[in-house]
Amino acid sequence: MVGDPDAGISRKFVGSPSLVERALVTLATNRGLMLVGEPGTAKSLLSELIAAAVSGTSTLTVQGGADTTEDQIKYSWNYALLVSEDPSRRSLVPAPMLRGMAEGRIVRPRVEAESMRVLAVAEAGPVRYDAAAQRLEAVLHDPAGNEALLSTAHNPHCPGILDALADALASGTADRISGSLRHDRGRVLLAPLAVRTSHGVLVPDLAPGDGDTALRVAPPPPGTTPSPPPWNRPSPPSPRPPTTA
C-alpha cells in the first residue's frame, strides 16, 4: 500500500504511513475499523487496499443503508431446500459477513452516504406498483435525458411511504429527488430519500398514513397474461372414477 522501493513495489496509497499502521494494528487485534473523513479522501480506496493485502480479495462488501436487511449482511435460506431438507449447509445462502467469517477474510461495509446523490428531474414517468413485490417504481429523466429507475418497497414501519411518494410523483412538480444511486444490470437505480415539489420537501419515510391507498398495479410484461391469485384459480378437475364392465 505504501510501497517498498527496495522490493520494486510502487506506492498505492498517498497518505500518512502511520495511518495505515494504526489500521492494520486495529484489525490484527480482532477489532473493527471505521474510517471517518471528508468525501474524496480515499477512505474506500484504503479499505479496499487493506482488505486485498490482508485477505487476498476486497470483494466482500456490505452496502449498508436503511433498507438493508439482516439476511443481506449475514445469510439467507434457499426455502425450497429448507423445506425438503431442514436447515443444512446446502439450504444456507451465505452473505458477505458469513463468507468472511468462514474464510477468515475482511468484510468491508460501506455506508449509504457514499452513494447519496441529488437528481434533477425533468420528467417522471407513470408510477407503477407491483402488488406481488409491494414495490413502487417510476422512470425518471434528468435535463440531459439520462434515465434512472426510482424504486422503493413497502416498509411496515413506514406504512405511508408508497402513498406519499406516488402522490409527489403524480403531482408533476417534483424537480429534485435525493437518494442512494447504484447500478444494477445496466440500469441506474435510485432509492429515494426525499422529494422536492412545489409544496415543499417530502421525506416519504416520515409521511403520515396507514398505506391503505389503492395503488395502480403494474401491467404484465408484453406477450404474457397475468396469473390469477391462488384464491381465484379454478380447482383442478376431480379424477374420474374407474368404470366397471
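Put simply, CG on D163 and NE2 on H154 are 10.0 Å apart, with the number rounded to the nearest 0.5 Å. How far SG of C158 is from CG of D205: 4.5 Å, rounded to the nearest 0.5 Å. For the atom pair L136 CG and R128 CZ, the distance stands at 10.0 Å (nearest 0.5 Å). Distance check, rounded to the nearest 0.5 Å: CG of D86 to CG of L81 gives 11.5 Å.
More than 12 non-hydrogen atoms from other residues, nucleotides or ligands lie less than 6.0 angstrom from CZ of R176.
Within the 4.5 Å cutoff, the side chain of R187 has heavy atoms near those of the V139 side chain. Inter-residue side-chain proximity for L92 and W77 is flagged as met; some heavy-atom pair is nearer than 4.5 Å. The closest side-chain heavy-atom distance from E137 to D130 is not below 4.5 Å.
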Verdict with reasoning, L150 to L165, per side-chain contact (heavy atoms from CB on, under 4.5 Å): CA-CA 10 Å; L150 179 146; L165 192 56; 3.8 Å; yes
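Residue A164 comes nearest to L202 through the heavy atom pair O-CD2, 3.4 Å, listed as atom of the first residue, atom of the second, then distance. In plain terms, the two heavy atoms of A23 and I50 that are nearest each other are CB-CD1, 3.7 Å. The two residues S171 and A174 come nearest to each other via the heavy atoms OG-N, 4.2 Å. For the pair L140 and A124, the tightest heavy-atom approach, listed with the atom from each and the gap, is CD2-CB, 3.7 Å. Heavy-atom minimum distance, A194 versus P204: CA-CD, 4.2 Å. Scanning both residues, P143 and A120, for their nearest heavy atoms gives CD-O, 3.4 Å.
At least one donor-acceptor pair closer than 3.5 Å links the side chain of S84 to the backbone N or O of A80.
Transitive grouping of hydrophobic side chains (ILVMFWY, heavy atoms separated by less than 4.5 Å) keeps V118 and L169 in distinct clusters. L27 and L19 fall within a single hydrophobic cluster, where Ile, Leu, Val, Met, Phe, Trp and Tyr side chains are chained together by heavy-atom contacts under 4.5 Å. Note on V20: it clusters hydrophobically with L49, by side-chain heavy-atom contacts below 4.5 Å among ILVMFWY residues.
Of the residues listed (L181, L149, T152), the one engaging L189 in a side-chain contact (heavy atoms from CB on, under 4.5 Å) is L149, and it is the only one. Of the residues listed (I177, V195, D142, L190), the one engaging V121 in a side-chain contact (heavy atoms from CB on, under 4.5 Å) is I177, and it is the only one.
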